[in-house]
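Reminder, nothing fancy here: chain letters follow the sequence lines and each chain counts from 1.
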There are 2 protein chains.
Amino acid sequence: MTEDTAAPRRKRTDARRNVEALLDAAKTVFGTSGVDAPAKEITDLAGVGVGTLYRHFPQRSDLIKAVIEREIDACAEAAPALAAEHAPGEALARWLDRLAAFVATKRGFAAALHSGDPAYDGLSGFFMAKLGPALESLLDSAVTAGEIRAGVSPQDLLYAVAKLCAPLPDEEPGYGRRMTALLVEGLRSAGR
Amino acid sequence: MTEDTAAPRRKRTDARRNVEALLDAAKTVFGTSGVDAPAKEITDLAGVGVGTLYRHFPQRSDLIKAVIEREIDACAEAAPALAAEHAPGEALARWLDRLAAFVATKRGFAAALHSGDPAYDGLSGFFMAKLGPALESLLDSAVTAGEIRAGVSPQDLLYAVAKLCAPLPDEEPGYGRRMTALLVEGLRSAGR
DNA sequence: GAACCATACGGAAAGCTTTTCCGGATAAGC
DNA sequence: GCTTATCCGGAAAAGCTTTCCGTATGGTTC
């Protein structure tokens, strides 16, 4: 039903450029001032008017979603490279570490996920859809190589890491990683 | 340094009544419309003007914090009763279940905790301060009774349950509890 | 390379929410 | 009952997101 053959027109270049500029600016601002930073700050950094922001991202949450989805994509895309460069078990460990770092660093991600705002309902689905296959492939390889016990669901592991590594105000550093390790330990023993 | 002896005057009764009404109304509204519900909705339900709300809770987040802290208190206070009525291991299990239910049910709690807003910085500290001792006592009893292995830090366990049970949009029901069980499993095996 | 027009831009204004302010009310103490 | 510190209520201020629309501009066509 999608008519990709009859593409009527290409999107204007300035429009595409502005979208990129907005995403870049938003990523920066979210990093420095948090996801609650006023939209003005983002448009100023991007050198663009507010109207332009809302043309491309009708709601504020759309921009946040887009920034996060971009980073999830980057995380998923890191898997093949790791699989090619390292032994299966090592590749899995490194990827999980990258995931943990992403979740721990991007405070806005945890905030959006737990906000309860319906606008972000699709986010955890996207997270799962993109990262699930990536993790599954790494997991399968590790299991096949006998470096990891079978019986671990990629879905469960993904959520668990995402949740455990979400940063809390005054928690000791390294908590997320420690707990993740403990969880994997549990999964191994639970695997019988 | 606190001069509780020289209490100059008692807080007016209507003031205290309004604070209670506001907390009750807020709890209800947060439950039905979420923590992002407009303040107006709360003051209307409490039968009070906005000015009154802001007199007692200078910032919106103060009200949210107060509601959450109230529930944390209730959770902590449930521990002694459970300890009195059940065997140590059972009491621990039931209390953890209550904690899990609290975290899973009160979406606003997870949202506040992960929001990144400095206004909620003290919240995880309060959570730990109130619930840590409660859990520690239950844990100690269970360990002493030989029903639970030693080597589990109350702090780690508390945070882990809080994080794992925080609800995500489309996650399967029971995930939090399943993961918590897995984690305890891991802690047991890690206890050597 | 000029003219046309669909598409995109910018920023002013509207719409909501939170937060402040202050004249008027009312418990508490005498 | 009178006094006074404290509190109440809601109107106004402030701040943010979102809408709107006249203007500008990239793409296409001749």
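A straight line from CZ of A:R10 to C1' of C:dA8 spans 15 Å, rounded to a whole angstrom. Regarding B:E41, its CD atom lies at a distance of 15 Å from the P atom of C:dC16, rounded to whole Å. The distance between atom NZ of A:K40 and atom C1' of C:dG10, rounded to the nearest whole Å, is 12 Å. Atom NZ in B:K11 sits roughly 7 Å away from atom P in D:dC7 (whole-Å rounding). The distance between atom CG of A:D117 and atom P of D:dT17, rounded to the nearest whole Å, is 13 Å.
Residue A:N18 places none of its side-chain N or O atoms closer than 4.0 Å to OP1 or OP2 of C:dA8. For the pair A:T43 and C:dG10, the criterion of a side-chain N or O lying under 4.0 Å from OP1 or OP2 is not met.
Under a 4.0 Å N-O distance rule, the pair B:E171/A:K163 qualifies as a salt bridge. A salt bridge links A:D24 and A:R70; the closest N-O separation between the charged side-chain nitrogens and carboxylate oxygens is under 4.0 Å. Using a cutoff of 4.0 Å between basic side-chain nitrogens and carboxylate oxygens, A:R178 and A:E172 are scored as salt-bridged.
Nearest heavy atom pair, residue B:V161 against residue B:L96, reads CG2-CD2, 4.3 Å. Contact detail for A:G132 and A:L158: the closest heavy-atom pair is N-CD2, 3.5 Å.
For the segment residues 48-61 of chain B, residues with any heavy atom less than 4.0 angstrom from an atom of DNA chain D are, sorted by number, B:V48, B:G49, B:V50, B:G51, B:T52, B:R55, B:H56.
Residue B:A39 is the one, among B:R17 and B:A39, whose nearest nucleotide of DNA chain C lies closer to the 5' end (criterion: closest heavy atom).
In the set C:dT7, C:dA25, C:dT18, the nucleotide with an atom closest to the side chain of A:R12 is C:dT7.
Relative ring orientation between A:Y175 and B:Y159 is described as perpendicular, the plane-to-plane angle rising above 60° on a 0-90° scale split at 30° and 60°.
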